[in-house]
Structure formats: structure tokens, C-alpha cells
Amino acid sequence: MLEDIEDVTAAATRLAGGAPLQSTLDVADPADWLALDAGVREVAWHRPQFLPGWDSASLPADLTQLGESRLALALCHRDGRIRQEAVRQSVRYPGLLPLVVIRCADWVGPVREHARQLLREALNVDSALDLAPLILRVGRRDRGAFGVDVLGQILRQASHGQLAVLFADPDRIVRRFAYRLAIEGRLLRPAELARAAAGDQDTVVQDLCATAALTALGDEDAYEGVLPPLLSARNPRTRSAGVTALRRAGRSEQAEPFLSDRSALVRACARYVVRQQGGDPAAWYRERCTAPDAPELPPGAVIGLAECGNRADAGLLRPLLAHPAAGVRARAVAGLRALDCADAKQMRPLLDDPAAGVVRETAAALLPSANELPADWLLERTSSERPRHVRVGAFRLLDARGGIVALRAAVGLFEDPDVKLRTWAAQSVQRWHPSPDGRRGDAEVGELLDRSRHLFSDHMLRRRKWEAGVDS
């Protein structure tokens, strides 16, 4: 793999000596071809001794007798006239077609036109499948649309089995292109599209395939092969498409379990389907949240109640702050915050919770009340003896308070064992400014700023001290 200029220089030297392309670079990797194309010109400028001594003022007389390896260098040459002649001669070497693809987006018009003509004549389904990743990457450049258009024309003739090679390509741009062609040509059955939507990691492919799968359905029986993959997908967008389709399939009752899904999007879609059937999602949530110690209570049901309930439902959520499941406690805190019913006094103990998710939600809920919390109590929780998530939550609240309390906490974390927390503390000090209502001339501020001297230039340190009324 050609990763830097040293690799390209070595590759160019071997090609100049006649080494085969296959032993010089990974001919199946688009990145290697692009690196060779750009790198040869850089080598020509800075290390010309490693390349053939072609005169840029006139075409080399032996260009027609060049072998494949040296012709590859000519295709990457900085002189457009040499590139143009190299394109003409490359018709004899199918292995150079990747460089012809790159030349189709060349900035020199005659080079570009000759390369496009050659690509149009040379490309077939098999070579298009091999070159698709490179063509699509070049297609992102200026003047790169031609190759993508030709690729589409050729691959529209491909069968489902041939396109399947591109469905598994690691480049998501290639998979998107292939699935669009397959959907346009109706090469995939709805069940295959549903499995693709559930299995692919790219959200664009997921949306494309899920939408196409549901659009292609006509009768109720066909849902049997489509809904299970969509409803069991890990991606929330795909699951939400399946949940929404339950109504069209006449299976609205199957949407109820998704009211407590871990995704807010899926829960919203499930509530829509249940309401269309005449159900009451809020009542469903309340029924499940009435037993505060129920071990099987799903966290999604807790936050779901806050999403569609009202402030009166806070009475059901407060007992869940002591639930044995951390997920339920975290969602109860988030739910009370969403209902604007988060009581600082009741939430404070949860800042010491053993679960990081609970402390994170608690800190977010306490932010509006940060100035009302005891500063010493929060500073105690930034001690290195406390768990990391507790230190993070406490510092988040101290930082929100501002003033000397925030500066004191940040400087105290300079020696914290966690590198991310140390970095956050340093950034907090760098953006610190005295509070308008703070006491000017506080000697402690000067001392803390002196301990932070390594974070400032001399000018900025004097400026901060001047703002705080402290002598430099």
C-alpha cells in the first residue's frame, strides 16, 4: 500500500526499471492508483532523479515502445502532452485502465477527451465491477461525473449475481451506488432488500433498502419475509420503518412492544401506530411504571411516559430513582428533566450513583441549579479517590457555575489520573474570566492563575490577572 511519498518514490523507481505493476502496488486498491498518480508528479518536482529523463518540451521518441510499467509513469506525468500520448498508447495494456479512469477527470481537455473515449470503448460489465470503487472515488472530483455516468450505463446490464459483489464492498459509496442500480432495475426481492436494510452499517443504504422493500409490497402475505428483518434491525431508522409498516400490514397490535424501544424514534413511530388503532400509549406507559420495583420494567417505558405524559406523571417517575436497574434510574432522571420536574435536593444523591449513565443524566438535570449546589460538596467529588464518572459529573456542574469556584476546581484537576479530564480542566482555565459579581483583587485567583502559567502566553496571563484585579 502506498501510504507516503517514500512509498511512491520506491514504487516509481521500480516501475521505471520495468517492475510489473502487480508487484509494485495493490492493483485492486483505488487508493494506491490515486496515490501513484499524485505521487509521481510530486517525485518529478522534488526527486526527478528517480524518474525517466523525459523532456517536457517534446514527446519522448520511444513512447510507443514503452512497456506497461514505464507507460504507467507516463500516464501520471506532469506534462499534459506526454499524458495525452500515453493515453493513446495505453489501449494495448488493459492493466492501465485504472489510470485511464483517473485521466477522465484530467484538468487538460485533450487528455480528458482521449481518456473518456478509451474508457467508453474498453469498459464492460466485468471490468466495470472491478473499477467501480475507483470510478466512484474519481467521480467526487471536478469533471469526474463522466466516469460515473458510463459506469451506471454499463452496470445496468449486470445481473443480480454480478452486482452482489458490490453489495459487500467496504466503501459505502460503492454499496449505495450498487443498491440504487439494483432497486432501479428491480433486481432484488422485498425480502432481500429488508435483509440488506437490517444488515448494512450505512444509514443511506438502510433507508434506501427499507423504503424500497416496503414500496415493492402489494399484499399482506408478502410482509412475512419483510417485517421480521426490519423489526429486529439494530439500526433505529430501520426498526422505525418496520414499526410504521405494521399499520399498513394490518398488524398494529404488534407495535405495542416497541413503545418501550431504546430509540426515541422507534417509540414515536410505535405511539403513532397504537393511536391510529385507538390505543392510548400514555395509559400503557403508566401501567408499567406503577410498580417501582418491577425488575422487568424496560427503561424505554420510563422515558416514553415522559415523552407523551404530563407533569402529573412525575409522581410515577420519582420512585423509580431508586430502582435496582441503572437504565431505569437514568431514564427516570431524564424523564423528570423532560417534564421540568427535576428537584435538585432529590437528585443530589444520584451524583454518587455507581452507574455512569445515571450520573451523566443527573448532572444534566442539575445544570440549571448548579449555582444552588454547595461548592465544597461538589469539589469533594472531584477528588481522585472518586470514580471517574463522578468526577466528570461534579466538574461539569462546577464549570457551569463559573467564577473562582470553577477556576479552583479546574486547577485542582491538573493532576487527575484521567487524561481527558485533565484536558477539559485545562480548556476550562483557558476560557475562564472573572464573574461580574466576583470580588476583585482576590489573592487566590492570582495564585491559581500562576499555577496555570503553562497554559497562557505572558501577555494573556497578565490580561487575565488584570481582568481579576490581581497584580502581575
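A side-chain hydrogen bond (donor to acceptor under 3.5 Å, both in side chains) with R391 is found for one member of D416, T382, D418 and no other, namely D416. Of the options L129, L136, L181, L131, a side chain to side chain contact (heavy atoms under 4.5 Å, CB included) to L151 is made by L136 and by none of the others. Screening R360, R329, H389 against D353 for a side-chain hydrogen bond (donor to acceptor under 3.5 Å, both in side chains) leaves a single residue, R329.
Of the charged side-chain nitrogens involved, none lies within less than 4.0 Å of a carboxylate oxygen, so that R172 and D200 do not count as a salt-bridged pair. With respect to the salt-bridge test (charged N to carboxylate O, under 4.0 angstrom), the residues R463 and D458 do not qualify. E447 has no carboxylate O lying under 4.0 Å from a charged side-chain N of K465, or vice versa, which leaves the two without a salt bridge. Salt-bridge formation is detected for the pair R103/D37: a Lys NZ or Arg NE/NH1/NH2 atom is positioned less than 4.0 Å from an Asp or Glu carboxylate oxygen.
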Could you go through the salt bridge (charged side-chain N to carboxylate O under 4.0 Å, His left out) check for E415 and R422 one step at a time? CA-CA 7 Å; E415 303 299 325; R422 292 199 305 270; over 6 Å; no
Before you tell me yes or no, could you show the steps for E256 and R288 under salt bridge (charged side-chain N to carboxylate O under 4.0 Å, His left out), namely the whole-Å CA-CA distance, both residues' side-chain angles and the distance that decides it to 0.1 Å? CA-CA 12 Å; E256 275 198 355; R288 278 147 188 80; 5.2 Å; no
Does R318 form a salt bridge (charged side-chain N to carboxylate O under 4.0 Å, His left out) with D343? I'd like the steps, not just the answer. CA-CA 10 Å; R318 289 191 182 97; D343 179 75; over 6 Å; no
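The aromatic rings of H160 and F167 sit tilted, their planes meeting at an angle between 30° and 60°.
Stacking of R348 on the aromatic ring of W377 is recorded, both the 6.0 Å distance cut-off and the 45° axial limit being met.
In terms of the side chain to side chain contact (heavy atoms under 4.5 Å, CB included) criterion, residue partners of V204 (sequence neighbours excluded) are, by chain and number, R176, R180, D202, L208.
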